[in-house]
Peer 1: 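Sending over a structure as structure tokens; questions will come in a sec.
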Amino acid sequence: MAAQGRGSAAVVVGVLLVCVLLSAAVAQAAVFNVGDRGGWSFNTNSWPTGKRFKAGDVLVFKYDATAHDVVAVSAAGYRACAKPAKGAKVYKSGADRVTLARGTNYFICSIPGHCQSGMKIAVTAA
């Protein structure tokens, strides 16, 4: 009977250790306001320059929701400022939070002419 109790304690300790490790990983995620004080706007395309991003970091897009949006696109969609593919993730709240995936993450404003005016970013997360 005593051996059974010790095994249960080991499982509980293991579960607690996993929870602590996961919370430490989440606590290390950084939050970035896209465009800094200016927010998600025209000529934001150079905003990521000089910044270091990791998978799990959060980008916060702040903008006038009546005038702009944020769309996650492919590299080709980013280069061409193309209309988003069917099923693309479109954000329209004006205060969107997007968690970065490992690799390069591409975002544009899909309002005609906005992407061409620099309302797009490519963020590479390690």
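In this chain, residues are counted from 1 in sequence order. It should be emphasised that the depicted structure is a prediction, and the values quoted were computed from it without experimental measurement.
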Peer 1: Restricting to non-hydrogen atoms, name the atom on Arg102 and the atom on Ala55 that form the minimum distance, rounded to 0.1 Å.
Peer 2: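 Between these two residues, the closest heavy atoms are N-CB, 3.7 Å.
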Peer 1: Using a 3.5 Å distance criterion without hydrogens, assess whether the side chain of Asp64 forms a donor-acceptor pair with backbone atoms of Thr66.
Peer 2: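 Looks like yes, one N/O pair under 3.5 Å.
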Peer 1: Taking the ring of Phe42 and the ring of His68, is the distance between their centroids below 6.0 Å?
Peer 2: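 Yes: the rings meet the under 6.0 Å criterion.
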Peer 1: Are Val90 and Val98 linked, directly or through other ILVMFWY residues, by side chains that come within less than 4.5 angstrom of each other?
Peer 2: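 The answer is no; the residues belong to distinct hydrophobic clusters.
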Peer 1: So Phe32 and Trp47, would you call those rings parallel, tilted or perpendicular, with 30° and 60° as cut-offs?
Peer 2: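 Perpendicular, since the angle between the ring planes exceeds 60°.
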Peer 1: Strictly by ring-ring contact (aromatic ring centres under 6.0 Å, His included), give each pair with a member in residues 76-103 just once, sequence neighbours left out.
Peer 2: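 Of all non-adjacent pairs touching residues 76-103, those that pass ring-ring contact (aromatic ring centres under 6.0 Å, His included) are Tyr78-Tyr106.
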Peer 1: Consider side-chain contact (heavy atoms from CB on, under 4.5 Å). Of Ile121, Val31, Thr99, which one does Leu59 pass it with?
Peer 2: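 That would be Ile121; it is the only one of Ile121, Val31, Thr99 passing the side-chain contact (heavy atoms from CB on, under 4.5 Å) with Leu59.
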Peer 1: Quick one: pull up CG in Asn45 and CE in Met119 and give me the separation to the nearest 0.5 Å.
Peer 2: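 The distance works out to 11.0 Å.
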Peer 1: Let me check something: do Val73 and Val70 share a hydrophobic cluster, defined by ILVMFWY side-chain heavy atoms less than 4.5 Å apart, either directly or through other members?
Peer 2: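 Not linked; separate clusters.
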Peer 1: Are any of the side-chain heavy atoms of Lys120 and Cys81 separated by less than 4.5 Å?
Peer 2: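 Yes, close enough: below the 4.5 Å cut-off.
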Peer 1: Grab the two heavy atoms, one from Trp40 and one from Ile108, that are nearest each other, plus how far apart they are.
Peer 2: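 Smallest interatomic distance, heavy atoms only, reads CZ2-C, 3.6 Å.
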Peer 1: Looking at every non-hydrogen atom in both residues, tell me the closest pair between Ala29 and Gly56 and how far apart they are.
Peer 2: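 Here Ala29 and Gly56 meet closest at CB-O, 3.4 Å.
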Peer 1: Over all heavy atoms of both residues, which pair between Ala125 and Lys54 is shortest? Give the atoms and the distance, please.
Peer 2: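 That would be CB-C, 3.6 Å.
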Peer 1: Treating Thr44 as the side-chain partner and Ser41 as the backbone partner, does any N or O pair qualify as donor plus acceptor under 3.5 Å?
Peer 2: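 Answer holds: yes.
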Peer 1: Quick one: does Ser110's side chain get under 4.5 Å of Pro84's, heavy atoms only?
Peer 2: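 Yes; the side chains approach each other to less than 4.5 Å.
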Peer 1: Closest approach of Lys92 and Ala65, non-hydrogen atoms and distance?
Peer 2: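 Closest heavy-atom pair between Lys92 and Ala65: O-CB, 3.4 Å.
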Peer 1: Check whether any side-chain heavy atom of Asp96 sits under 4.5 Å from a side-chain heavy atom of Val60, and report yes or no.
Peer 2: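 A side-chain contact under 4.5 Å is absent here.
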Peer 1: Side chain to side chain donor-acceptor pair (under 3.5 Å), that's the test. Do Tyr63 and Asp69 meet it? Break it down for me.
Peer 2: CA-CA 8 Å; Tyr63 57 93; Asp69 64 11; over 6 Å; no
Peer 1: State, yes or no, whether a side-chain contact exists between Lys62 and Val34 at a heavy-atom distance under 4.5 Å.
Peer 2: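 Side chain of Lys62 against side chain of Val34, heavy atoms only: no contact under 4.5 Å found.
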Peer 1: Grab the two heavy atoms, one from Gln28 and one from Asp57, that are nearest each other, plus how far apart they are.
Peer 2: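 Looks like O-OD1, 4.4 Å.
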Peer 1: Do Val58 and Leu100 touch side chain to side chain, with heavy atoms closer than 4.5 Å?
Peer 2: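 A side-chain contact under 4.5 Å is absent here.
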Peer 1: Please round to the nearest 0.5 Å and tell me the distance separating atom SG of Cys109 and atom CZ of Phe61.
Peer 2: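 Between atom SG of Cys109 and atom CZ of Phe61 there are 10.5 Å.
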